[in-house]
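Okay, structure first, notes after.
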Amino acid sequence: MSVKVRMAPSPTGFLHIGSVRTFVFNWLFARQRAGECLLRIENTDTSREVAEAVDQIQESLRWLGIDWDGPVTFQLDTAERARELARELVEKGHAYEDEGAIRFRQPKEGVVAWDDAVRGHIEFRNELLPDLVIVRSDGRPTYNFVSPVDDMVDRITHVIRGDDHVSNTPSQINILRALGAELPVYAHVPMINGADGRKLSKRHGAISVENFRADGYLPAALMNFLALLGWSFDDRTTIMAKHELVERFSLERVVPSPATFDYQKLDWMNGVYLRDLQPDEYAHFLCKWLEEQGIDWPQEMVHATAPLVQEKIEKFAQYPDFARFFFEPVDPPEDLDAGICQAAADRLAGVEPWAATAIEESLRDLADELGQKPRQAFAPIRVAVTGSKVSPGLFESLELLGRETSLARLTAVAA
RNA sequence: GGCCCAUUCGUCUAGUGGCCUAGGACACCGCCCUCUCACGGCGGCGGCACGGGUUCGAAUCCCGUAUGGGCCUCCA
């Protein structure tokens with residue numbers, strides 16, 4: 001039998017990375033089993049809805065490479081259907097009116113239990129479950145009612161969601177039973193915390209997909225990282241392309257305990273993906289990112305610098321500072337060794353051809369003649385030319401900058 | 001407070017009673033490479049929350065404690 005899952009964000013703002021991790025699991029599961037993955041916006045609480053959120057959510061998912069089957073649906077669209085079912089429940093004695101609202105009548109004895117695909121057997125005593133409101137006095141059905149109803153109507157086979165829903169599950173199961181519906185398989189995946197063990201929030205760093213996009217992470221790297229938060233393939237595999245994740249994912253290997261979001265590991269992983277790109281691909285993604293950030297440096301030059309920075313930075317957000325000297329004037333400190341800069345300028349004036357290897361040869365000769373170690377001699381030259389003690393390869397940078405600019409920067413220090 | 005859940009290096013995790021002298025990755029430290037930074041190579045540091053059981057044998061099973069989290073809204 002084919003599986004069917006749903007991703008169910010609420011449109012209250014940008015897509016939170018924790019929700020996305022849950023969606024990644026849903027998506028991987030569905031794609032692996034050649035099933036369906038729906039996108040349902042849970043907008044039952046109209047007061048918290050943010051207008052642009054619905055578009056934003058889709059844009060974020062598309063960017064990450066997560067697609068969905070069929071049109072986007074809205075929880076509110078099934079409100080009428082839910083109201084009818086609520087009335088039926090009242091007629092059958094499974095629910096009752098209470099000050100204009102309708103409450104679900106929980107069974108008063110026994111237990112409600114399910115075998116969670118992630119956490120195993122879980123059970124609750126019915127007598128402890130409150131009779132929850134399923135339709136508000138203003139007629140809008142509540143989340144805990146519409147959600148199982150939609151799952152029933154959509155014939156969802158696996159409900160894969162955050163474990164903050166564990167406590168809602170017994171009530172939703174009782175509702176589904178009262179409705180005569182078949183139960184889906186439940187899989188409650190652990191939450192993601194910040195380094196302090198608290199819920200991941202702004203003060204921890206990037207939290208929405210848009211944040212990560214703006215920081216210059218690659219979608220494939222982000223997905224790889226997210227998939228590994230609470231799931232693993234084996235004891236050693238960490239870098240996995242999308243198709244490999246799809247092939248290898250399984251709910252059985254999702255762990256039940258919460259995970260901490262490790263930004264450093266994400267950075268490392270993104271660096272791995274960045275370095276693995278073909279040079280032209282790298283340049284292409286870099287240009288796209290710069291454009292998104294509103295930085296309009298000449299594309300041709302950006303392309304030329306790409307091979308010089310590819311192995312040096314872990315995310316595109318580091319590019320502007322690292323490569324700025326290619327595009328803008330530098331402002332080196334006063335205390336540079338003017339002598340060696342002038343000597344370098346003199347030497348470089350006659351280098352032919354103006355290419356990294358010839359430049360390197362010439363500067364090494366200079367260092368040699370001055371009786372200095374290369375690292376010692378090149379330091380002031382680097383600062384004079386790039387404005388920083390840390391930069392892409394010096395000789396390649398000089399080549400790219402061109403003789404004129406290079407000499408100008410070197411002599412500017414001497415002046 | 002009640003109910004439910006979780007607990008292996010700092011972090012992500014492997015581990016389903018003997019393969020564990022607990023493995024890998026990130027981070028960190030050291031060395032090598034080296035024009036800086038990074039990459040790469042080599043090495044190091046570091047963990048089964050605690051206490052009881054069960055068993056010939058427990059990170060793995062059971063009970064308790066502690067800690068953390070979730071839910072207990074006419075929020076989702």
Side-chain angles (χ1 to χ4, degrees), chain A residues 8-12 19 41-49 75 98-103 116 118-120 122-125 127-130 132-147 161-171 188 190-193 195-199 225 228-239 252-253 255-269 271-272 275 308-314 318 322 359-360 363-364 367 373-379 381-383 386 388-398:
Chain A
S10 49
T12 51
S19 308
I41 310 289
E42 308 223 303
N43 59 344
T44 310
D45 183 10
T46 45
S47 67
R48 295 205 307 170
E49 188 163 346
Q75 199 164 55
D98 176 31
E99 297 191 32
I102 298 178
R103 280 185 190 277
D116 198 281
V118 171
R119 329 172 82 84
I122 301 177
E123 60 179 47
F124 287 76
R125 284 158 59 196
E127 58 182 294
L128 267 9
L129 301 175
L132 74 180
V133 170
I134 55 177
V135 179
R136 298 178 177 89
S137 47
D138 67 3
R140 286 151 53 225
T142 59
Y143 164 78
N144 268 311
F145 187 55
V146 201
S147 183
R161 57 177 18 166
D163 72 9
D164 49 337
H165 288 290
V166 167
S167 304
N168 295 325
T169 305
S171 294
H188 288 97
M191 311 290 278
I192 299 176
N193 299 325
D196 53 3
R198 323 256 337 153
K199 214 167 123 182
F225 178 78
L228 252 20
L229 237 35
W231 174 82
S232 66
F233 173 60
D234 60 15
D235 63 335
R236 55 194 64 249
T237 313
T238 54
I239 302 298
E252 290 67 37
R253 289 192 63 85
V255 297
S257 52
T260 301
F261 198 99
D262 185 351
Y263 290 91
Q264 283 185 305
K265 188 164 184 175
L266 204 216
D267 284 353
W268 164 78
M269 191 172 281
V272 172
R275 273 176 254 122
L308 276 62
V309 302
Q310 185 167 7
E311 207 172 69
K312 310 267 186 187
I313 63 176
E314 291 178 309
Q318 294 165 333
F322 195 62
I359 293 168
E360 173 167 9
L363 289 179
R364 281 189 188 282
K373 297 265 189 202
R375 67 187 312 130
Q376 193 183 358
F378 297 163
I381 299 175
R382 179 191 310 284
V383 175
T386 70
S388 169
K389 284 191 263 190
V390 176
S391 78
L394 180 56
F395 319 117
E396 292 79 3
S397 295
L398 285 165

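All heavy atoms count here, side chains included; hydrogens, waters and symmetry mates do not. Within every chain, numbering begins at 1; the chains are lettered A, B, ... in the order of the sequence lines, protein sequences first and strands thereafter. Quantities reported herein were computed from a predicted structural model and do not represent experimental measurements.
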*Look at the side chain of Arg382(A) and the base of C35(B), then say whether one donor and one acceptor between them are separated by less than 3.5 Å.*
yes
_What's the gap between C61(B) and U7(B) when it is taken at their P atoms, as a whole Å value?_
10 Å
*Can you tell if the side chain of Val166(A) reaches within under 4.5 Å of the side chain of Arg119(A), non-hydrogen atoms only?*
yes
*Per Thr142(A) side chain, nearest of listed nucleotides U36(B), C74(B), C4(B)*: C74(B)
*Selection from U7(B), A76(B), G23(B) that lies nearest to any side-chain heavy atom of Pro256(A)*: U7(B)
_Heavy-atom side-chain proximity of Ser137(A) to Glu99(A) below 4.5 angstrom_ = no
_Ser257(A), nearest nucleotide to its side chain (from U7(B), C37(B), A76(B))_ = U7(B)
*asked:* Would the base of U34(B) count as contacting Lys373(A) through its side chain, where contact means a donor and an acceptor less than 3.5 Å apart?
replied: no
*asked:* Please determine whether any donor N or O and acceptor N or O are separated by less than 3.5 Å between the side chain of Ser137(A) and the base of C74(B).
replied: yes
*Distance, P atom - from A49(B) to U8(B), rounded to whole angstrom*: 6 Å
*asked:* Just to verify, what does Tyr143(A) make a ring pair (Phe, Tyr, Trp, His ring centres under 6.0 Å) with, not counting sequence neighbours?
replied: His165(A)
_Those residues that, when tested against Phe395(A), pass ring pair (Phe, Tyr, Trp, His ring centres under 6.0 Å) (two or more places apart)_ = Phe378(A)
_Among A14(B), C26(B), C74(B), which nucleotide has an atom closest to any side-chain atom of Glu99(A)?_
C74(B)
*asked:* I'd like the C1' distance from C35(B) over to G44(B), given in whole Å.
replied: 29 Å
N/O-N/O pairs, protein side and nucleotides 61-69 of chain B side, under 3.5 Å:
| residue | atom | partner | partner atom | Å |
| --- | --- | --- | --- | --- |
| G69(B) | OP1 | Arg198(A) | NH1 | 2.9 |

*asked:* Between C28(B) and G46(B), how many Å separate the two C1' atoms, rounded to a whole number?
replied: 10 Å
_Under-4.0 Å side-chain N/O to phosphate OP1/OP2 contact, Arg364(A) with C35(B)_ = yes
*Could you please name the option among A76(B), U36(B), U13(B) that lies closest to any side-chain atom of Ser391(A)?*
U36(B)
*Give a yes/no answer on whether the side chain of Arg136(A) brings an N or O atom under 4.0 Å of OP1 or OP2 in C75(B).*
yes
*ring-ring contact (aromatic ring centres under 6.0 Å, His included) between Phe225(A) and Phe261(A), intermediate numbers included*: CA-CA 10 Å; Phe225(A) 178 78; Phe261(A) 198 99; 5.0 Å; yes
*Report the C-alpha separation of Ile381(A) and Leu363(A) in whole Å, then their side-chain angles, then the decisive distance to 0.1 Å, and conclude whether the side-chain contact (heavy atoms from CB on, under 4.5 Å) test is met.*
CA-CA 10 Å; Ile381(A) 299 175; Leu363(A) 289 179; 4.2 Å; yes
